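One structure is given below, encoded as structure tokens.
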Amino acid sequence: MNNRTIIFQIGSFIAYILIQVIFLRNVVLFDRAFCFIYIGFLLFLPVETNRPLLMVMGFLAGLLVDIFYDSLGIHAAACVLIMFVRNLWLNLLTPQGGFDPGVIPSLRLNGLRWFVMYVTPLIVLHHAALFFAEAFGFHMFGFTMTKVLMSSLFTLVAIVIAQILFYTTRKGL
Amino acid sequence: MQRLFLFLYHYRAFIIFLFLEILCLWLIVQNNTYQGASFFNSSNRLVGGLMQTSGSISDYFRLGEVNETLAEENARLRRELSQMEQSVIGLDLTRLKDYEFLNKYDFIAAEVINNSTRRATNYITINRGSQDGIKPNMAVIDDYGVVGQVKVVSKRFAVITSILHTNVRVSSRLRRTGDLCTTQWDGVDGDKAKIEFLPRHVSPQVGDTIVTSGYNAIFPEDIPVGIISEINLEENSLWYDITIDLSADMNALSYVYLIKNNLKIEQDSLEISAGAQVINE
């Protein structure tokens with residue numbers, strides 16, 4: 001990682017967290033669908049970042065969001081979980097010839113289909129861990145599950161829009 | 001020894017994963033204990049400050065609504081004052097001279113700077129803290145009814161456990177008959193709550209008002225909690241299954257009142273010395 005990517009990652013970390021805690025904290029659709037766009041930051045860290053570092057980043061991002069949501073530990077636990085499986089999942093989806101070093105697993109890399117394939121299971125896993133930890137168990141399974149699915153869809157759409165808006169512009173420059 | 005280190009190094013990712021998850025679990029449990037004062041919540045200065053700034057911007061969009069509720073409350077207070085003046089003739093004079101009893105409850109107004117209603121555990125942050133005389137466990141109400149109970153206090157901010165929290169129970173009473181029950185939120189709808197432990201010999205009706213019982217020293221007596229909207233009685237259950245519409249509009253909270261019970265210490269110490277345990281929290 002050179003200095004430019006580090007500065008870019010720090011900038012995007014601040015941007016994602018601020019957008020999450022200031023705006024999206026107040027956005028809920030149909031009483032069920034929440035948007036947790038901040039996990040986009042974790043999903044789009046460079047491919048070769050090692051797993052311990054990924055998990056520590058996940059823990060820090062989750063903890064920061066938790067402080068604003070007054071739900072200490074819940075987001076952090078969900079983020080550490082997806083950061084644990086992220087690279088395993090990426091290895092399964094490796095395109096022929098492997099990734100170039102320093103590349104970001106974004107929409108630009110391999111097109112929309114690959115991108116959705118990569119992001120969706122991690123989002124669903126994160127949201128499932130989050131909402132079941134919040135409900136503290138599996139009672140009200142159906143209600144929590146609708147929350148998980150609707151929120152996953154919402155977050156997925158938000159992340160794809162963010163990708164189209166911010167990550168693809170550099171191509172044109 | 002070397003093999004041990006090799007083993008640890010080989011599984012370092014999994015070990016760090018376990019360590020972090022256990023740390024998270026510890027934080028969750030720590031935070032769930034009812035009175036756990038912790039640093040990491042929205043009552044800390046930086047987070048509270050940021051929320052106040054963003055809240056003060058969105059406040060402008062609600063000014064009309066807030067004005068309306070304040071005017072409504074003014075009208076209601078005026079009406080109650082005149083009713084009081086009318087009925088003062090029949091008052092008990094010994095009670096009237098007992099100033100400590102008359103000033104039993106103190107009200108502190110506070111502005112809500114952060115509120116959530118759609119999670120399983122909801123909290124409210126307000127812009128008053130220990131420097132304004134706020135202490136943990138104080139009761140919180142709004143113009144219409146019960147809102148919650150103070151959880152953590154910092155110098156300038158306080159976090160309230162909302163009544164929309166699956167662990168919060170409020171000791172309540174059916175106003176018409178006087179029977180005791182408990183209000184608890186089931187975690188689904190932010191406008192509704194459940195009534196528990198209302199025995200089957202009572203006959204509640206849709207439209208009955210549920211109020212606080214005043215049996216614990218937190219909420220004063222007779223503050224509205226909600227109105228019964230649905231009653232079910234299973235064939236062989238001991239209690240009714242009742243749903244109420246909450247009186248307080250939890251989605252549109254803007255100002256709340258904190259109730260300070262000046263005689264709380266006296267009541268609590270008397271109950272403890274008498275060996276009575278407040279089970280019905």
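In this text, all values refer to a predicted model and were calculated from it rather than measured experimentally. Below, chain A is the first sequence line, B the second, and so on; all start at residue 1.
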**Asked** Got B:Phe17 and A:Arg51 here, is their nearest side-chain heavy-atom distance under 4.5 Å?
**Response** no
**A:Leu54 versus chain B, the contacting section by heavy-atom distance below 4.5 Å** = neither
**Asked** Which bit of A:Ile74 is near chain B, if near means a heavy-atom gap under 4.5 Å: side chain, backbone, both or neither?
**Response** both
**Prompt:** With a 4.5 Å heavy-atom cut-off, do A:Tyr69 and B:Tyr123 have their side chains touching?
**Reply:** no
**Item:** Which atoms of B:Leu23 approach chain A - backbone, side chain, both or neither, heavy atom under 4.5 Å
**Value:** side chain
**Prompt:** Going from SG on B:Cys24 to CG on A:Asp66, what distance comes out if it is rounded to the nearest 0.5 angstrom?
**Reply:** 8.0 Å
**Prompt:** Is the number of heavy atoms from other residues, nucleotides or ligands under 6.0 Å of A:Trp114 CH2 greater than 12?
**Reply:** yes
**Prompt:** Closest approach of B:Gly187 and A:Phe143, non-hydrogen atoms and distance?
**Reply:** O-CE2, 3.5 Å
**Prompt:** What part of B:Asn122 lies closer than 4.5 angstrom to a heavy atom of chain A: side chain, backbone, both or neither?
**Reply:** neither
**Item:** Where at least one partner belongs to residues 233-259 of chain B, residue pairs that pass salt bridge (charged side-chain N to carboxylate O under 4.0 Å, His left out), sequence neighbours excluded
**Value:** B:Lys192-B:Asp245, B:Lys194-B:Asp241
**Prompt:** What are the two closest heavy atoms between A:Lys147 and B:Arg118, and how far apart are they?
**Reply:** NZ-O, 3.5 Å
**Message:** Quick check for you: among A:Phe34, A:Phe131, A:Phe59, A:Phe23, which has the greatest number of heavy-atom pairs under 4.5 Å with chain B?
**Reply:** A:Phe59
**Request:** Could you note down all residue pairs passing side-chain hydrogen bond (donor to acceptor under 3.5 Å, both in side chains) where residues 116-130 of chain A supplies at least one of them, sequence neighbours left out?
**Result:** A:Tyr38-A:His126, A:His127-A:Thr155
**Prompt:** Of the non-hydrogen atoms in A:Val56 and B:Leu20, which two are nearest, and what is the gap between them?
**Reply:** N-CD1, 4.1 Å
